[in-house]
Amino acid sequence: MNGIKIGNKTSRLPIIQGGMGVGVSMHSLAGAVAKEGGIGIISTADIGYQESDFLSEPRKANLRAIGQELSRARKIAPDGILGFNIMVALSDYNEIVKECVRQKADLIISGAGLPIDLPQYVIGTDTKIAPIVSSARAFKLLSKRWIKKYNYVPDMIVIEGPKAGGHLGYKKEELDSPECSLEHTTMEIVALVRQLEESTKKRIPVIAAGGIFDGNDIAHFLNLGADGVQLASRFVATEECDASQLYKMSYINATESDIAIIDSPVGMPGRAIRNAFINRMQKTKEPITRCYNCIKTCHVKDAPYCITKALIDAVRGDLNNGLFFCGSNAGRIHEITTVPKLMASLMSEAENTLSKAV
Ligand SMILES: Cc1cc2nc3c(=O)[nH]c(=O)nc-3n(C[C@H](O)[C@H](O)[C@H](O)COP(=O)(O)O)c2cc1C
């Protein structure tokens, strides 16, 4: 099985660990995944939440934490591929991108909005960029724009389907529609990307994400033409994951019926584990006592709750006040394992399935 080529590095395995904010994928998880031959992604959403000045100067704390987290991850995986996930909806998006490039990240994966001007920050640097798209339409729009305005062909494409965790690039009513399924969109985008590769003579790995649970699923998406997969929820239940033990236990204790679709102040639906917080939010608004200016699209006056507070409460393990994002298959996770064990089992299942198909 081939790895994923990012600039002049190639991962040993076709697995990316998706960025998980706030604080769920930081240096420990990303470093462990990169060390095992996958691609490790650190989330930049409120990345500085543990800094002592985060409450008074969140922007400064976040920018400082970028270099710290990357260098800690590089210590774990000196030769691995390490990057950042940056949500377009972040208020300080441009500054965060610039800092990730300045710190020499191998890769930036950017979604929760279309990163239409991302190339301007990386042209002439070694940092590679990949948009997250949820439809062939978004892929066409974005690649056209990058090529026309910046003469820049995407270095990789991440397709995030409706079964993913966190914010979802779909309307609620689209989540179960067959045309929006990850399978359907992957096949459509793979066909378009292969044409683009032909005309631009540039190799563009296509990565499928959202609800991919085991090695059989990985083999399935590779068979559909994807070059790799991005998994997030499975990596939460690992010793190396940066979230608190209570966060990990909330995954272990969740069953399929505990997984809910919620409204986020970001303006997109999100998937999370139903708990006391979600039950309260669905009845009434939570007064916002402090604004961190984290999201461009959040209107503090009308927002149902503060997403920064809810996600920080979650990563620290506050089961009553936290928002615990998860993918649609989180209810199938029953034990905490380690990154090397998880990746070895995913790969052996995938290889098994692929070899049977030959
Ligand atoms: C706890 C959690 C937090 C997430 N946070 C982000 C984020 O900050 N930015 C982002 O683009 N995607 C985020 N995601 C989406 C993942 O990166 C990933 O693409 C998706 O969850 C893959 O589906 P899976 O969890 O079923 O494997 C998050 C997912 C989870 C489970």
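Each ligand, and each atom within it, is numbered from 1 in the order the structure gives. Side chains included, hydrogens not; waters and symmetry mates left out as well; all remaining heavy atoms used. We're numbering straight along the sequence, starting at 1.
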Inset, instruction - Mind checking the CG-CG spacing from D318 to N321? Nearest 0.5 Å is all I need. - result: 4.0 Å
Inset, instruction - State the atoms of ligand 1, each with its element, that fall below the 4.0 Å cut-off from a heavy-atom position in G211. - result: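 Selected atoms, number and element: 23 (O), 24 (P), 26 (O).
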Inset, instruction - Using a strict cut-off of 4.0 Å, indicate which atoms of ligand 1 neighbour a heavy atom of G18. - result: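 Contacts of ligand 1 toward G18, numbered from 1: 17 (O).
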When you measure from [atom] to each heavy atom in [options], which option holds the nearest one?
atom: atom 28 (C) of ligand 1; options: S25, A45, G19; result: G19
atom: atom 15 (C) of ligand 1; options: G165, G23, A272, G270; result: G165
atom: atom 31 (C) of ligand 1; options: Y251, F324, F213; result: Y251

Legend entry - From D217, L224, I159, residue fulfilling side-chain contact (heavy atoms from CB on, under 4.5 Å) relative to L182: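 Among the candidates, only I159 passes.
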Inset, instruction - Identify the two heavy atoms, one from L82 and one from A34, that lie closest to each other, and give their separation to 0.1 Å. - result: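 For L82 and A34, the tightest heavy-atom pair comes out as CD2-CB, 3.8 Å.
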Under 4.0 Å, heavy-atom basis, I'd like to know which part of [X] is in contact with ligand 1: side chain, backbone, both or neither.
X: E160; value: side chain
X: F235; value: neither
X: I132; value: side chain
X: C326; value: backbone
X: Y247; value: side chain
X: M87; value: side chain

Please check if the side chain of [X] supplies one atom and the backbone of [Y] the other of a donor-acceptor pair under 3.5 Å.
X: K9; Y: D106; result: no
X: E349; Y: G215; result: yes
X: D53; Y: S56; result: no
X: K5; Y: G7; result: yes
X: E239; Y: T338; result: no

Could you identify the single nearest non-hydrogen protein atom to [atom] and state the distance to 0.1 Å?
atom: atom 2 (C) of ligand 1; value: M20 CG, 3.5 Å
atom: atom 5 (N) of ligand 1; value: G21 N, 3.1 Å
atom: atom 11 (O) of ligand 1; value: N85 ND2, 2.9 Å

Does [X], backbone or side chain, put an N or O under 3.5 Å from an N or O of ligand 1?
X: G166; value: no
X: Q230; value: yes
X: L231; value: no
X: S233; value: yes

Legend entry - Candidates E69, E240, Q68 - the one meeting side-chain hydrogen bond (donor to acceptor under 3.5 Å, both in side chains) with H27: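 Of the listed residues E69, E240, Q68, the side-chain hydrogen bond (donor to acceptor under 3.5 Å, both in side chains) partner of H27 is E69.
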Inset, instruction - Answer yes or no for G210: is there a heavy-atom contact with ligand 1 below 4.0 Å? - result: yes
Inset, instruction - Give a yes or no on whether a salt bridge exists between D263 and K171, defined as a side-chain N under 4.0 angstrom from a carboxylate O. - result: no
Legend entry - Cationic N near anionic O, under 4.0 Å, E197 to K202: no
Legend entry - Test log, rule ring pair (Phe, Tyr, Trp, His ring centres under 6.0 Å), inputs F324 and F277: CA-CA 9 Å; F324 294 73; F277 172 76; 9.1 Å; no
